[in-house]
Amino acid sequence: MITFSNINFHYKNNRTDKGNLIDISLTIEDGELIVLTGESGCGKTTFTRLINGLAPNYYPGTVTGELYLDGENIIGKSVAELGRTVGSVFQNPRSQFFNVDTDSELAFAAENIAMDPSEIIRRMDEVTEELDLTELRGCSIFELSGGEKQRIACGSVAVMHPKVIVLDEPSSNLDAESIEKLKCVLAKWKKQGKTIIIAEHRLFFLRELADRLIVMKDGRITNVFERDEMSELSASLKEMGIRPLVEPELIVRRSVEGIRNYIRIEHFKYSYDRKTVALSVDNMSLPGNQVVAIIGNNGAGKSTFLKCLCGIYKTKKDKITLNGSRWKRKLRYRDCYLVFQDVNHQLFTESVLDELIIGMDDSLSEDVKKEKALEILERFGIRDLADHHPMALSGGQKQRVAIASSVAAGRDIILMDEPTSGMDELNMMRLSQELKRLKEAGKTIYVVTHDYEFINECCDSVIRLA
Amino acid sequence: MRKLDPRTKLLLLVVINVVMMTGKITGIFVPVRIVFALIPFFLMMRETWFRGSFIYFFLYLYVFLFERFTLQDIHPVLLIILLFTTGLLSRFLAGVMMAYYLMKTTTVSEFVTSMERMHIPKVIVIPFAVMFRFFPTLKEEWQDVKNAMKMRGIGLAGRNPLDVLEYVMVPILMSVSKIADELSAASMTKCLSVDGKRTHIAKVGFSFLDIIMFLCAAAGLFAHIFLGGVIGT
């Protein structure tokens with residue numbers, strides 16, 4: 001049993017109140033599966049960090065109140081000590097492995113507490129069986145996809161036989177298929193009687209599993225919904241800025257707007273090495289001046305498709321036309337702009353303003369560039385951020401800067417890779433509005449996404465890659 | 001196939017570098033150099049990296065021959081350039097390949113295990129272990145940033161090199177420091193701490209091949225130090 005009793009937490013070195021907790025009191029029974037949700041910065045991550053001890057041990061701050069785990073106050077206990085009973089899975093699959101190979105990672109935590117090697121191996125085999133990890137054993141983590149990494153992360157937690165497992169936005173970098181697998185893992189853990197606490201934005205995959213849904217806002221718990229109350233929530237959740245509990249059906253509209261056959265692809269092939277084909281498209285046409293969603297199963301090469309289309313990946317002998325005329329790789333570079341899933345990699349400069357200016361036409365004078373850049377920032381509602389360092393912005397703001405810089409660079413075709421992953425309702429709606437406005441300004445937008453709510457909100461047509 | 005113990009690999013790496021970089025290239029050191037150049041080739045072949053092994057083999061062969069049979073009737077400037085590059089390669093190539101082999105074939109846990117067998121404190125072992133993970137991560141990050149720059153039309157040419165350095169370094173450093181931060185947090189929740197005993201499931205230990213490699217290294221080092229291999233003696 002976990003009991004929060006009047007817990008307050010304030011991060012040190014934090015000028016805003018983002019992520020702080022105010023007067024949290026809650027009791028979590030053994031074997032319960034609790035889902036925490038709320039807008040970005042509402043404190044749900046901090047909640048999980050108190051349970052695994054990362055706050056205040058690793059992320060310093062001041063705590064008042066008591067937090068009991070099985071009758072013992074755990075505030076002040078070290079992370080390593082708590083790690084014996086509390087397992088943690090994090091948001092970013094890229095940064096939670098100490099080891100380079102999967103086997104070592106599975107054994108890692110158990111080795112750290114000096115468990116007997118034969119027992120570790122026995123447990124590893126047991127977990128491999130349980131979580132269906134056979135094909136991932138003995139691999140380098142650099143060869144795994146995000147979803148596969150997340151499964152190994154779950155496995156390495158399971159080897160410890162923890163009583164409590166906390167997960168901080170585990171699905172935010174995962175595609176539909178991997179989310180389904182994550183759901184299976186959670187169901188198994190629940191059956192084993194483990195106490196599970198998940199902080200999440202996307203809720204649909206947790207609907208059948210959650211015992212309670214806890215909504216947070218500005219560091220406080222605002223609502224607690226029991227299992228049987230959840231089914232009637234859909235409408236009120238939207239008002240609270242929370243993603244739906246049921247994955248919406250894809251609404252297919254018959255769009256008459258836009259340009260038909262804007263891009264014609266007759267032959268488009270790409271492979272990372274000489275053996276496996278990562279992308280193979282014959283005969284496809286994409287509409288222009290629309291927001292187009294590109295969906296498809298895992299491994300259909302959706303991200304690869306975008307990277308090939310914008311010219312980052314070299315495709316050989318491609319036959320693509322734009323508006324009827326041959327569209328070579330060099331031209332595609334000039335016309336397209338890809339907004340990465342991890343926008344951090346495409347913001348280079350010291351200020352948001354510079355970020356826009358750097359991609360502009362070199363023939364313009366500095367003053368004209370600056371004026372134009374400010375105008376674009378105004379349009380995106382981020383003019384007041386012009387002097388900020390891009391890296392100091394929030395995830396949603398960074399993305400807006402990236403889109404704004406594509407507009408500044410005068411690109412007509414904007415490609416986006418999973419833009420809504422890890423986004424709350426508010427930011428998702430804001431992005432939808434922006435994309436619609438870009439379309440009205442004559443741009444074409446191709447979005448690879450799994451987010452049906454987002455597709456229904458702003459996409460004019462849907463293309464499935466197979 | 002028995003794997004080579006990480007300690008043996010580390011010893012070979014050190015000895016190959018010392019002998020190749022600071023050693024003489026004539027007399028009895030011709031066969032010594034040949035043997036040491038062949039060790040990484042042999043180890044790579046054993047891992048069935050045929051492509052890499054053969055490229056290394058022929059590159060080294062070329063360098064080795066060039067060092068001995070200097071071309072005549074060649075423009076002096078060209079000769080200097082050639083001598084410079086071959087000199088550099090003959091001294092560094094074997095060491096680089098050995099380091100590559102070490103990084104590629106040693107898992108973090110094997111490395112940590114063998115370091116702890118030598119009673120090296122964790123404060124030293126852990127940062128080294130993190131390096132194994134750091135280099136591939138850096139490579140991934142660099143790829144992404146390079147792609148982003150290409151797409152945005154920020155070419156390397158025609159710009160102030162300091163600006164370019166900034167464009168490359170800012171996102172990489174930001175992203176790497178974020179990864180490092182999250183990685184430390186994740187490792188802590190997995191009970192990693194500087195004090196306290198660990199157990200290991202990695203099996204490391206010496207085999208016959210380790211002994212042969214060890215003898216090679218010892219013999220080479222002996223010749224290098226006592227038979228006047230060091231340049232200038």
Side-chain angles (χ1 to χ4, degrees), chain A residues 52-54 57-59 78-84 86-88 90 92 94-101 103-104 107-117 120-121 124 140 142 156-157 160 307 310-312 333-334 336-338 340 342 344-350 358-359 391 405 409, chain B residues 103-104 106-110 112-113 126 129-130 132-133 135-137 139-141 143-154 158 163-164 166-175 178-193 195-203:
Chain A
N52 61 26
L54 284 175
N57 287 306
Y58 187 73
Y59 300 101
S78 78
V79 184
E81 212 178 325
L82 286 168
R84 291 167 184 257
V86 182
S88 310
F90 299 90
N92 189 349
R94 288 166 67 139
S95 62
Q96 50 182 315
F97 295 106
F98 183 83
N99 292 281
V100 185
D101 65 303
D103 281 20
S104 312
F108 184 61
E111 287 179 334
N112 285 335
I113 61 162
M115 198 187 278
D116 185 50
I120 300 177
I121 288 166
M124 279 166 72
S140 156
F142 293 99
S156 70
V157 161
M160 291 289 273
K307 282 187 175 144
C310 72
I312 286 180
Y333 258 140
R334 198 198 56 194
C336 295
Y337 191 102
L338 172 64
F340 291 3
D342 186 355
N344 288 316
H345 289 133
Q346 55 190 158
L347 302 174
F348 303 110
T349 57
E350 277 169 354
I358 188 179
M391 293 296 171
S405 63
Chain B
M103 295 287 280
K104 267 288 218 218
T106 314
T107 69
V108 178
S109 64
E110 282 168 356
V112 172
T113 308
I126 293 174
V130 170
F132 275 89
R133 204 183 168 294
F135 286 116
T137 306
K139 194 178 138 199
E140 279 191 341
E141 299 298 311
Q143 288 288 352
D144 282 352
V145 171
K146 203 175 68 183
N147 285 340
M149 291 184 65
K150 228 159 69 173
M151 186 198 58
R152 291 190 56 176
I154 305 175
D163 281 351
V164 173
E166 184 193 317
Y167 298 152
V168 176
M169 290 313 281
V170 169
I172 288 188
L173 286 180
M174 282 296 180
S175 164
K178 188 166 159 265
I179 289 178
D181 184 51
E182 290 171 0
L183 183 65
S184 323
S187 307
M188 282 170 82
T189 66
K190 293 203 173 125
C191 309
L192 181 69
S193 61
D195 39 285
K197 245 187 96 62
R198 287 186 91 235
T199 47
H200 304 284
I201 60 159
K203 288 193 179 68

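So that the names make sense, note that chain A is the first sequence line, chain B the second, and so on, each numbered from 1.
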Measuring only between side-chain heavy atoms, which start at C-beta, is A:R94 closer than 4.5 Å to B:E141?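 Answer yes - side chains close enough.
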Side-chain touch B:F132/A:N99, heavy atoms, less than 4.5 angstrom: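 Not in contact.
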Can you give me the closest heavy-atom contact between [X] and [Y], atom names plus distance?
X	Y	value
A:Q346	B:A148	CB-CB, 3.7 Å
A:A107	B:I201	CB-CD1, 3.4 Å
A:F98	B:R133	O-CD, 3.3 Å

Tell me, out of [options], who's got the most heavy-atom pairs with chain B below 4.5 Å.
options	value
A:G359, A:S95, A:S104, A:C336	A:S95
A:V100, A:I358, A:I121, A:N57	A:I358
A:G83, A:A114, A:A109	A:A114

How many angstroms lie between atom [atom1] of [X] and atom [atom2] of [Y], to the nearest 0.5 angstrom?
X	Y	atom1	atom2	value
B:C191	A:F108	SG	CZ	9.0 Å
B:N147	A:L338	CG	CG	9.0 Å
A:D101	B:S109	CG	OG	5.5 Å
B:H200	A:I120	NE2	CD1	9.5 Å
B:D144	A:I312	CG	CD1	8.5 Å
B:M151	A:K307	CE	NZ	10.5 Å

[X], part contacting chain B, at a heavy-atom distance under 4.5 Å:
X	answer
A:N344	both
A:S405	side chain
A:F90	side chain
A:E81	neither
A:F340	side chain

With chain A as the partner, which of [options] has the greatest number of non-hydrogen pairs under 4.5 Å?
options	value
B:V112, B:I172, B:T137	B:T137
B:A129, B:A180, B:P136, B:S184	B:P136
B:E166, B:E110, B:K139, B:K178	B:E166

Backbone of B:T189 reached by a side-chain donor or acceptor of A:N52 within 3.5 Å: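 Between the backbone of B:T189 and the side chain of A:N52 there is no qualifying donor-acceptor contact (under 3.5 Å).
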Taking B:Y167 for the side chain and A:L347 for the main chain, is one N or O donor matched with an acceptor at less than 3.5 Å?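 Side chain of B:Y167 to backbone of A:L347: no pair is present.
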Passes salt bridge (charged side-chain N to carboxylate O under 4.0 Å, His left out), A:E111 versus B:K197? Steps please. CA-CA 9 Å; A:E111 287 179 334; B:K197 245 187 96 62; over 6 Å; no
Chain A contact via [X] - side chain, backbone, both or neither, heavy atoms under 4.5 Å:
X	result
B:A185	both
B:K146	neither
B:M174	side chain

Going through the distances and angles, do B:V168 and A:F348 end up as a side chain to side chain contact (heavy atoms under 4.5 Å, CB included)? CA-CA 7 Å; B:V168 176; A:F348 303 110; over 6 Å; no
For A:F97, ring pair (Phe, Tyr, Trp, His ring centres under 6.0 Å) partners two or more places apart: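 Here no residue qualifies.
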